[in-house]
Trainee: 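Before I ask anything, let me first share the structure, which is written out below as structure tokens.
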Number of protein chains: 2
Amino acid sequence: MATIYDIAKMCNVSTATVSRVLNGSDHPIHPDTRDKILDAAKKLNYRPNTIAKSLASGKTHTIALLIPTIVNDYYTQIAEAMEDELSQAGYIAYLCNTKRSVLKEAEYVENLITRQVDGVIFSPTRVKPEDNIKNLENIEELKKNKINIVAFGSRFEGISQVAVDTYKGAYNATRYLIELGHRRIGFIDGLTAGTRGNRRRGYIDALKEEGISIDDNLITGGNLDLDSGYTKGMELLNTENPPTAIFAVNNLMAIGVLKAARAMDLHVPRELSVIGFDDSILSELIEPSLTVVRQPIEEMGATAAKLLLEQLNGKEDVKTVTLQPTLIKRDSCACVY
Amino acid sequence: MATIYDIAKMCNVSTATVSRVLNGSDHPIHPDTRDKILDAAKKLNYRPNTIAKSLASGKTHTIALLIPTIVNDYYTQIAEAMEDELSQAGYIAYLCNTKRSVLKEAEYVENLITRQVDGVIFSPTRVKPEDNIKNLENIEELKKNKINIVAFGSRFEGISQVAVDTYKGAYNATRYLIELGHRRIGFIDGLTAGTRGNRRRGYIDALKEEGISIDDNLITGGNLDLDSGYTKGMELLNTENPPTAIFAVNNLMAIGVLKAARAMDLHVPRELSVIGFDDSILSELIEPSLTVVRQPIEEMGATAAKLLLEQLNGKEDVKTVTLQPTLIKRDSCACVY
DNA sequence: AAACTCAAGGTAACCGGTTACCTTGAGTTT
DNA sequence: AAACTCAAGGTAACCGGTTACCTTGAGTTT
């Protein structure tokens with residue numbers, strides 16, 4: 001591999017001059033010298049050694065995608081949008097898949113500091129409520145090492161993030177069901193979302209606004225996967241006074257509810273309306289296709305990347321961008337029977 | 001940030017000694033010295049600078065995942081299995097999403113050489129047949145720069161790879177349909193797979209073996225997405241002598257066929273059997289659930305990573321590992337009516 | 001006692017760049 | 001003509017490690 005020393009020798013100049021030419025420095029260079037150096041670089045098939053550059057300059061042009069899983073459309077679509085934005089700006093992304101383990105998350109944080117990443121796009125892993133503490137420690141550790149952070153998926157103090165107005169999303173979904181005439185609306189929350197979670201608040205506020213009383217028997221929580229959607233759906237439907245509609249806080253659980261309905265021979269949407277949260281190809285292809293609250297995923301990814309790039313370009317200010325979800329109406333909801 | 005110079009000063013030793021202790025070199029060190037250095041490292045909250053290490057040692061402990069897309073269960077599951085294996089061995093992965101563009105693929109190859117990655121796990125992007133040439137150039141370029149490669153998804157000379165016996169998979173799927181009594185079996189190939197593609201050969205051989213003549217009207221090709229599955233399915237079904245079963249060469253096209261059947265009011269599996277290739281949660285959740293040829297995805301990912309790690313540990317030999325697919329029987333196939 | 005061995009550590013070149021500061025000399029200003 | 005300016009380039013320290021080769025002296029071998 002040719003180095004700038006080889007070029008310098010070939011052109012009878014110093015490495016400083018070579019470096020200046022190759023990096024487009026604003027230090028003045030004679031056009032002849034410039035041409036000579038560029039020629040030599042081409043002739044020697046010179047490639048800059050990014051590692052050496054990083055060591056000398058303190059910038060690695062590297063960012064990390066620190067996310068709970070990649071086997072999931074949600075993260076994957078966000079990741080793609082980010083990667084687009086970042087690779088255009090000359091950055092490359094480390095794939096840091098925590099597999100929903102705060103331990104692995106912490107290990108990655110250590111590793112990333114060691115590797116001097118310029119920034120990280122972070123969606124904290126939170127399986128148990130107390131994981132929150134670890135999340136905060138990890139953020140602290142990154143900040144202490146002057147690594148730029150943009151978070152999404154959770155709210156934290158003092159760092160930039162892109163958020164989605166999930167309260168509004170849940171509110172709108174619930175409101176939509178009410179408009180269809182539903183009065184008994186089941187709600188399947190996530191397990192780690194406290195009772196003050198945005199989605200639950202949206203659900204409750206929409207009901208209250210219409211003077212519909214909150215029935216705790218209609219509110220339950222699952223762990224976000226298909227099976228728990230099925231189980232919780234069964235529980236809700238197997239009561240004396242079952243709901244006529246169910247709103248699940250994510251996609252897979254809503255599909256689980258669809259399965260539960262099928263198992264109980266309830267026709268969706270004629271006998272049961274179902275709404276999910278988060279969109280994916282699954283919601284579209286499932287039968288019946290699923291009405292969902294869609295988060296603007298591409299926009300989230302692109303925005304997170306842009307926020308990070310702003311920071312990397314020297315803007316220090318912490319900034320939260322909140323995006324609005326939209327209700328995608330498909331075939332899983334209908335007027336109450 | 002503390003450096004080994006700080007530790008050396010604190011302990012009154014040279015940086016050589018510090019480096020030896022910190023890296024577990026086999027150069028003998030007095031236990032007292034070792035303890036002193038480890039203590040100092042802890043006290044100073046020392047973290048090695050991976051960039052400096054990389055420059056000095058020539059190894060970055062970095063590998064690249066160069067894949068056509070990440071918004072796809074297939075790649076995503078492979079990526080996760082790889083990442084597992086690699087992170088355990090102390091490597092970290094760059095996410096290089098080519099978005100099915102050979103241009104982006106070439107750009108990444110340049111970038112990766114520049115970044116001195118130790119290896120790349122490569123699934124070449126091939127949208128048009130002539131992309132193959134670019135793929136080969138990219139492989140050459142990597143090899144020229146002594147970067148280890150393991151490929152999957154396509155076959156190339158002279159590099160290690162993990163392959164799946166897709167011929168066998170297609171053969172078995174077709175055979176299964178024949179055993180169910182089907183004689184007219186439609187086949188939807190990919191567009192870039194030539195007539196000598198493994199899957200098509202498997203399909204044809206299974207038919208021939210049973211003395212069933214090949215009807216070219218039953219063979220067509222789509223571009224692997226849902227819509228083309230739908231369109232090609234409609235075409236096949238809208239003939240005088242339509243097939244009683246359709247085998248599509250990937251998952252989404254098979255689901256497209258399911259849609260086509262629904263559009264034509266054909267009951268699956270009673271009036272039409274459908275088989276797909278590649279498994280995913282979609283195939284399981286779609287109604288009816290889809291019988292598919294499943295590639296052993298986790299095993300592929302893990303194997304690719306292991307092959308690469310072997311190379312990184314000094315084994316030079318090119319090795320191809322071929323894995324067997326399995327037929328996952330679900331609800332989309334039945335005896336011919 | 002001379003020769004040898006080896007534990008324990010040090011010296012300094014090297015990996016491939018960047019950049020603050022310095023030098024030189026031709027052209028311009030006063 | 002002295003003082004100044006600035007284009008064009010060079011010097012050398014620095015980023016933070018690794019490692020081949022050398023040194024020293026205590027213990028062992030003959």
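Chain A is the first sequence line, chain B the second, and so forth, proteins listed ahead of strands; every chain is numbered from 1.
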Trainee: How about A/Q161 and A/F122: do any of their side-chain heavy atoms sit closer than 4.5 Å?
Mentor: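 A side-chain contact is absent here, since even the closest heavy-atom pair is not under 4.5 Å.
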Trainee: Under 4.0 Å between any heavy atoms, over every strand shown, what does A/T33 touch: base, sugar-phosphate, or nothing? Just pick one.
Mentor: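 Sugar-phosphate, backbone atoms only, no base.
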Trainee: How would you label the contact of A/I29 with the nucleic acid (heavy atoms, under 4.0 Å): base, sugar-phosphate, or nothing?
Mentor: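 The answer is sugar-phosphate, as A/I29 gets under 4.0 Å only of primed atoms, P, OP1 or OP2.
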Trainee: Taking any atom under 4.0 angstrom from a heavy atom of chain B, which nucleotides of DNA chain D are the first and last to qualify, 5' to 3'?
Mentor: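 Reading along DNA chain D, I get D/dG16 to D/dC21.
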Trainee: For a quick check of understanding: with a heavy-atom distance under 4.0 Å over all strands, which category does B/S14 fall into, base, sugar-phosphate or nothing?
Mentor: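 Result for B/S14 = base.
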Trainee: State, with a plain yes or no, whether a side-chain heavy atom of A/I159 is found less than 4.5 Å away from one of A/T320.
Mentor: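 No, their side chains stay 4.5 Å or more apart.
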Trainee: Quick one: on DNA chain C, does B/V13 or B/Q116 contact a more 5' nucleotide (nearest heavy atom)?
Mentor: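 Result of the comparison: B/V13.
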Trainee: Using a 4.0 Å heavy-atom cut-off across all strands, classify B/T3 as base, sugar-phosphate, or nothing.
Mentor: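 Sugar-phosphate, no base atom in range.
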Trainee: For B/Y46 and A/Y5, find the nucleotide of DNA chain D closest to each by heavy atoms; which residue's nucleotide sits nearer the 5' end?
Mentor: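 Between the two, 5'-proximity favours A/Y5.
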Trainee: Could you check B/D26 against B/R20 for salt bridge (Lys or Arg N to Asp or Glu O under 4.0 Å), going step by step and ending with a plain yes or no?
Mentor: CA-CA 8 Å; B/D26 51 7; B/R20 283 172 187 137; over 6 Å; no
Trainee: Just by distance, with hydrogens left out, do A/R115 and B/S54 show a side-chain donor and acceptor under 3.5 Å apart?
Mentor: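 No - no donor-acceptor pair under 3.5 Å links their side chains.
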Trainee: With heavy-atom distances below 4.5 Å as the criterion, would you say the side chains of A/V117 and A/I147 are in contact?
Mentor: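 Sidechains of A/I147 and A/V117: in contact.
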Trainee: Just to be sure I understand: a Watson-Crick pair is purine N1 to pyrimidine N3 plus N6-O4 or O6-N4, both under 3.5 Å. Using that and G-U wobbles, which stems of three or more pairs involve DNA chain D?
Mentor: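 C:1-30 with D:1-30 - these are the stems of 3 or more pairs that involve DNA chain D.
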Trainee: Taking the nucleotide of DNA chain D with the closest heavy atom to each, which residue, B/P48 or B/R20, is nearer the 5' end?
Mentor: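 Closer to the 5' end of DNA chain D: B/P48.
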Trainee: With a 4.5 Å limit on heavy-atom distance, are the side chains of B/T114 and A/P48 in contact?
Mentor: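 Touching, per the 4.5 Å side-chain cut-off.
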Trainee: Which part of the nucleic acid does B/T17 contact within heavy-atom distance under 4.0 Å: base, sugar-phosphate only, or nothing?
Mentor: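 Here B/T17 touches the backbone only, sparing every base.
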Trainee: Quick one: does B/S160's side chain have a donor or acceptor within less than 3.5 Å of a partner on B/K319's backbone?
Mentor: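 Pair found, side chain donor or acceptor close to backbone of B/K319.
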Trainee: Using a 4.0 Å heavy-atom cut-off, does A/R47 contact any base of the nucleic acid, only the sugar-phosphate backbone, or nothing at all?
Mentor: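 The answer is sugar-phosphate, as A/R47 gets under 4.0 Å only of primed atoms, P, OP1 or OP2.
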Trainee: Check whether any side-chain heavy atom of A/Y46 sits under 4.5 Å from a side-chain heavy atom of A/M1, and report yes or no.
Mentor: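 No; the side chains remain at least 4.5 Å from each other.
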Trainee: Indicate whether the side chain of B/N97 and that of B/K104 have a donor and an acceptor atom separated by less than 3.5 Å.
Mentor: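 Note: B/N97 and B/K104 side chains miss the donor-acceptor criterion.
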Trainee: Select base, sugar-phosphate, or nothing to describe what A/N12 touches, counting heavy atoms under 4.0 Å on all strands.
Mentor: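 The answer is sugar-phosphate, as A/N12 gets under 4.0 Å only of primed atoms, P, OP1 or OP2.
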